[in-house]
Visitor: 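Have a look at this one.
What's counted below: heavy atoms across the whole structure, side chains too, no hydrogens, waters or symmetry copies. Letters A, B, ... mirror the listed sequences (proteins, then strands); counts begin at 1.
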Amino acid sequence: MFLAPALEVAPLLLGARLTVSGHLNRQHPGVPVTLRITEVEAYHGVGTPGPYDAGSHSRDRRTERNASMFGPPGHAYVYFSYGMHFAINMVCSPEGTASGVLIRAGEIVAGAEVARSRREAGRSSNPIPDHQLARGPGNVASALGITRPSHDGLDLFAAPFDLRAAPLGSKKIASGPRVGVSGEAGSARFPWRFWIEGDPTVSAYRPGRNVPK
DNA sequence: TTATCGATTCTCT
DNA sequence: GAGAATCGATAAA
């Protein structure tokens with residue numbers, strides 16, 4: 001087991017509340033939406049103590065895409081994925097080094113109507129159940145109205161964000177391999193996914209390709 | 001219930 | 001040009 005910034009921070013984010021005021025989202029502005037975080041993943045990058053993390057965007061060097069992961073801790077790294085989704089990370093390591101925690105899922109505890117209208121925009125099928133409003137990293141960003149051009153690199157502890165720790169109570173934390181990460185980095189040797197056990201908002205596990213036992 | 005597949009575009013090789 | 005830290009619909013079992 002390895003110890004490094006993102007790995008220390010990831011479990012602490014479970015149960016925390018992330019509020020995003022909607023005004024930066026031009027397509028779907030609205031009242032603030034608050035997420036109770038229930039699932040996260042840690043990623044290591046350049047300059048972070050611990051093993052080489054082949055699943056990390058910042059595994060080798062700084063690029064235009066991952067630049068904010070090398071920025072100050074406590075800020076957002078927002079990336080665009082699979083041609084259609086955004087996902088948000090909290091940067092964890094000192095400026096100049098890279099590590100982050102991907103916010104994978106949560107429960108919408110305020111602003112559910114705005115979140116639902118953003119999620120359902122452009123789709124014509126069944127209404128989305130409450131527990132699926134922010135299930136999966138792409139859905140988290142969608143429900144909160146987060147995009148790369150408007151939110152990448154911003155401080156998570158200042159407007160339009162407001163991140164606050166919250167006690168987890170009697171809930172238990174579970175951990176396991178990360179979702180969709182290929183190769184050894186997606187194996188049980190990297191149990192860097194953390195979630196609140198039994199919570200219905202936690203996303204489904206999907207193994208990456210070529211993951212060894 | 002589980003498996004497969006298409007959508008869509010950015011990033012790096 | 002290939003692959004990607006995904007999602008949701010549809011098909012199969």
Visitor: Under 30°, 30 to 60°, or over 60°: which ring-plane class applies to A/H44 and A/W192, parallel, tilted or perpendicular?
Guide: tilted
Visitor: Quick one: A/H131 NE2 to C/dC7 P, roughly how many Å, whole number?
Guide: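 Roughly 14 Å, once rounded to whole Å.
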Visitor: Mind calculating the distance between CG (A/L102) and C1' (C/dA5) to the nearest angstrom?
Guide: 6 Å
Visitor: Under the criteria of a ring-centre distance below 5.5 Å and an interplanar angle below 30°, is A/Y43 stacked with the base of C/dA5?
Guide: yes
Visitor: In Å, rounded to the nearest 0.5 Å, how long is the span from OH of A/Y77 to CZ of A/R65?
Guide: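 Rounded to the nearest 0.5 Å, the OH-CZ separation comes out at 4.5 Å.
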Visitor: How many Å lie between CZ on A/F86 and P on B/dT9, as a whole number?
Guide: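 From A/F86 CZ to B/dT9 P: 11 Å.
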Visitor: For A/R209, which contact category applies under a 4.0 Å heavy-atom criterion: base, sugar-phosphate, or nothing?
Guide: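 Sugar-phosphate contact only.
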Visitor: Find the distance A/R62:CZ to B/dC12:P and express it as a whole number of Å.
Guide: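 Result: 12 Å.
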Visitor: How long is the span from the NZ atom in A/K172 to the CD atom in A/E197, to the nearest 0.5 Å?
Guide: 6.5 Å
Visitor: Using the side chain to side chain contact (heavy atoms under 4.5 Å, CB included) rule, pick out the option among A/T19, A/V20, A/L18 that qualifies with A/L163.
Guide: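 One option only clears the test, and that one is A/L18.
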Visitor: With a non-hydrogen cut-off below 4.0 angstrom, is A/N89 in contact with a base, only sugar-phosphate, or nothing?
Guide: base
Visitor: As an exercise, state the distance from CZ of A/R104 to OG1 of A/T201, rounded to the nearest 0.5 Å.
Guide: 11.5 Å
Visitor: Please determine which of A/V78, A/T147, A/L102 meets the side chain to side chain contact (heavy atoms under 4.5 Å, CB included) test together with A/I88.
Guide: A/V78
Visitor: Is a donor-acceptor pair below 3.5 Å formed from side chain A/Y82 to base B/dA7, judging by atom type as modelled?
Guide: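 No.
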Visitor: Does B/dT2 have OP1 or OP2 sitting under 4.0 Å from an N or O in the side chain of A/R206?
Guide: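 No, A/R206 has no side-chain N/O under 4.0 Å of OP1/OP2 on B/dT2.
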Visitor: Starting from P on B/dC10, measure out to CE on A/M84 and report it in whole angstrom.
Guide: 12 Å
Visitor: Paired with C/dA5 by Watson-Crick or G-U wobble geometry, both distances under 3.5 Å: which nucleotide is it?
Guide: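 Per the H-bond distance test, none.
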Visitor: Map A/S182 and A/V140 onto DNA chain C by nearest heavy atom, then report which one ends up closer to the 5' terminus.
Guide: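 With A/S182 and A/V140 compared, the 5'-side residue is A/S182.
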Visitor: Please report, rounded to the nearest Å, how far the P atom of C/dG3 is from the NE2 atom of A/H85.
Guide: 19 Å
Visitor: Between C/dA5, C/dC7, B/dC12, which one does the side chain of A/P137 approach most closely?
Guide: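 Looking only at side-chain atoms, A/P137 lies closest to C/dC7.
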Visitor: A/R135 side chain N/O closer than 4.0 Å to the phosphate oxygens (OP1, OP2) of C/dT6?
Guide: no
Visitor: Tell me what A/R65 touches on the nucleic acid: a base, only sugar-phosphate, or nothing, going by heavy atoms under 4.0 Å.
Guide: sugar-phosphate
Visitor: So what does A/G55 hit on the nucleic acid, given a heavy-atom distance under 4.0 Å: a base, only sugar-phosphate, or nothing?
Guide: base
Visitor: Map A/N139 and A/G180 onto DNA chain C by nearest heavy atom, then report which one ends up closer to the 5' terminus.
Guide: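 Nearer the 5' end of the strand: A/G180.
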Visitor: Applying a 4.0 Å non-hydrogen cut-off, can you work out what A/R148 is touching in the nucleic acid: base, sugar-phosphate, or nothing?
Guide: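 It contacts sugar-phosphate atoms only.
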Visitor: Quickly work out the A/M69 CE to B/dT11 P distance and round it to whole Å.
Guide: 15 Å
Visitor: Tell me: CZ of A/F80 to P of B/dT8, nearest whole Å?
Guide: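 So the CZ-P distance, A/F80 to B/dT8, works out to 11 Å.
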